[in-house]
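See below for the structure under consideration.
Excluded from the calculations below are hydrogen atoms, water molecules and symmetry mates; all remaining heavy atoms, backbone and side chain alike, are included. One-based numbering, in listed order, for ligands and for the atoms of each.
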Amino acid sequence: MDAVITVTHPLDPLSLTEIASAVALLREGRKLAPTVRFPIVRLEEPTKTDLAAHRLGGSLPRLAFILAMDISNGETFEGIVDLTSGEVTSYIRLPLDQLPYGQPPVMLCEFETVEGTVKSDPRWIAAVKKRGITDEDIPLIQIDPFSSGYFGREFEKGKRIVRAVSYWREDIRDNGYAHPIEGVVAVVDLIANRVVDLVDDEKIIPVPRKKRNYGRETFPETRPDLKPLHIVQPQGPSFTVDGWKVEWQNWSFRVGFTPREGLVLHELGIKDEGRLRPIVFRASVTEMVVPYADPTANHYWKSAFDAGEYGLGRLANSLELGCDCLGHIHYFDVPAADDLGQPFTMKNAICMHEEDYGILWKHYEFRNGIFEVRRSRRLVISFFATVGNYDYGFYWYLYQDGTIQLEAKLTGIIQTAAVATGETYPWGGMVDDNLGGPTHQHFFNARLHMDIDGGGNTVTEHDFVPRPWGEDNPYGNVFDTRTRVLKRELDSPALADGETGRYWKVSNPNIQNSVGKAPGYKIVVMPSPVMLAQPESTVAQRGGFAKKHIWVTAFDAREKYASGDYPNVHAGGDGLPSYVKQNREIDNADVVLWHSFGHTHVCKPEDFPIMPVEYAGFTLKPNGFFASNIAMDLPPEANGHSVDNRLSPDKIKDSSCCHT
Ligand code: CO
C-alpha cells in the first residue's frame, strides 16, 4: 500500500491519515496477528541535527514509532515505519522476560477486562464477603487496576500484571473512594486474564458507608452572591496560529503531543532585535510518580508512574470553553491512536489563551511626576490528564519579559483507606469518619532540551555565600556568588538549597551578550521535596530521578524519559541515574536539563471529596540573555477597562481607573 504524508512541518504530530497508514504498513509488513494491540503510536521526531539539515534543503523521512504487543502471549516489539518510503525499517522484539523486565503502559482495553477477571475469582468474592459485601453489591463494585510496582516475586518477573483494589458503591454515581474495601488486593495477569495472587488481610476492617459525593446533584444550593466575571477580548487574541505553529508577543514555538508526555513545546524561541533566538529545542514532562507511605496490604505497592505506566497524553481530557479555561481560547485537536491502532481525534485536548498577570513593571518618580505602569500578560498553553483518581493539569506560561514557566496543577480524589470505628489512621490523615488518606508524594520530571542561541550550551550551578572578613570585606557586608561549571554528567545531579539561593544557569559560551558575558537562562526551582523512600526500596530504584532536583545529560535521542522507557513492572535502575553513569562531557555541548519537582501530601479533611488544586513547578528566566528589559515597549492602555467601584453605575459605564 502507499503511505500518505499530510503534514507541513517535520515536527507536526502524526495526522489521522498517517496513523492509519503507519499501523496498516506494520500490520501488512510484519503480518501481525489480530491479537496485537498498540499501546503507543507516535511521531519518531527528527533531531536538532536532522532539522538543521532540513532547513538547508535536505530531505527528511517521515517516521512513525509503534509499540506493538500481542495480548495472547505478551510479546512486544518496537517498530519504526518510514511513511516516506512506505516501509517498516525496524521491528525489534523487546527482552521484557529478562531482568530488569518492564512492560508497555496499561491500556484502556485492559481496564475493562480486569473488572470481569477479578469479580469472577472465588477467592476475591470470599474476601469481600468477609467485609460485609453481598451478592447484590458485586455488580456495582468499582475495580481499580493499579500499575503493580515490582518486588521481585515470581508472578511479577517478566509478567504483565496489575494490582486491583475494590470500592463499594451504592449506585453508579456514588463516589467509590469514600468506600474502600480494605485488605483485599487481586493481582491480575493481563495476558493470562486470571488472578495470580489474592491478598486477603487477616485484619478485617468494615467498609466505610458514609456517602461523600461531588456530582452537581449533591450540592443543589449554591452560593448566591457570586456575580459574573467575563474576560472580553473585543479585537480577538494577540496570538497567531498556523497549523501547530504559534506566535505571540515575539515568542515563537510549535505545539506537539505524545501519548506518554501529552503536551510538548518544540523550537521555543523569541524575536529579539529582529532575529529569532532559540531558547529551548524541546520541553515536556516525561514522568510523574506517586509513591505511597503506608506499609499495609492495599497501599505499600502503590507508586503510579502516570506517564510511563499509563500515558499522560493518552488520558488527556477534552477541555470545554468556560470550564477549564477563561477568555478567547484556541483549542488544538490532537490526532491519536486507540489500543487497536485506529485513529481518532482527541477533541480540544490542548487549550491556549491569554491571561492578565498583574504588574509587569512600575515606577512613580515623585520629583517629576512621571508615573508609568504596565500590566503583564501571559500566554497559557495547557492540557489536563485524568489518571484514575487524580487529575493533573500541565500549564506552560510564556511572559512578555522572556520568562518561561511550567505549573503542574494537582487535583482530583485522594487514595483512601478504611479505618475501624474507634481507631485512628497511622499512615496518613483522617479525612472523614472511618476514612483515612495515605501519605504520599508526587514527583514530576521536566525534560528541557536546551538550545540557548543554538550551538553548544553549558550549565553552571550558583550559590550565594558570605565573604569572610578581610581587607576586601572590612565592614562584613560583602557576599559572593560561587559558581561551579558542570563539566561531566556525574557533576550534575544536585539538590536545591534555599539557604544559598542555589540556581542553575544554561548559557552559550560561544557568544557574548551586551556586557561581554555568555547569554543564558536560569532555572528557578520551587522549594520541593525529594523522594523519601529508602534508596534500596524498589520504588526509589524505579523512580531514582526523584532523588535529585537537577540532572544534566548530553543529548541522546534514545534517552527520552526520566524513568526510562518501560517503568511498568520494572525492577529498577533505568532512567536518569543510569543515563548519567556514562559521564559524558556536558560543557559547551548539546545538553538536556532535567528537573524533578513535586509535593509531599499528608491528607487532611479539606482534600475530600475533591481536593482543591495544589501547585508545583518551576521558572526559566532570562539571565543576561537580553540587553535590557524587553517589555519597555508595552502599550500603557492595558488598564482601560478597570473601574472605580465607588462610582455610580452610570459613570462606571464609560470610565476607567486611568481616566476618571
Ligand atoms: Co496527593
For the Co ion (ligand 1), every protein N/O/S atom that sits closer than 2.8 Å, waters excluded: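 Counting only protein N, O or S atoms under 2.8 Å from the Co ion (ligand 1), the list reads Y390 OH, H440 NE2, H442 NE2, H601 ND1.
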- Task: State whether a side-chain donor-acceptor pair under 3.5 Å links S303 with R542.
- Result: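 There is such a pair (donor and acceptor under 3.5 Å, judged by atom type) between the side chains of S303 and R542.
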TODO: Report the C-alpha distance between K130 and E202 in whole Å, list the side-chain angles of each, state the deciding distance to 0.1 Å, and finish with yes or no for salt bridge (charged side-chain N to carboxylate O under 4.0 Å, His left out).
DONE: CA-CA 10 Å; K130 278 191 214 169; E202 282 175 18; over 6 Å; no
Are Y357 and Y399 near enough that their ring centres are under 6.0 Å apart?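 That pair passes the under 6.0 Å test.
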*Is the gap between the ring centers of H330 and F332 under 6.0 Å?*
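Between F332 and H330, which both carry aromatic rings, the centre distance is below 6.0 Å.
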Interatomic distance, OG1@T553 vs CD@E559, rounded to 0.5 Å, equals 6.0 Å
* Pairing residues for L99 by the side-chain contact (heavy atoms from CB on, under 4.5 Å) criterion, not counting sequence neighbours ->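 Scan of L99 (side-chain contact (heavy atoms from CB on, under 4.5 Å), adjacent residues dropped) gives Y101, A571.
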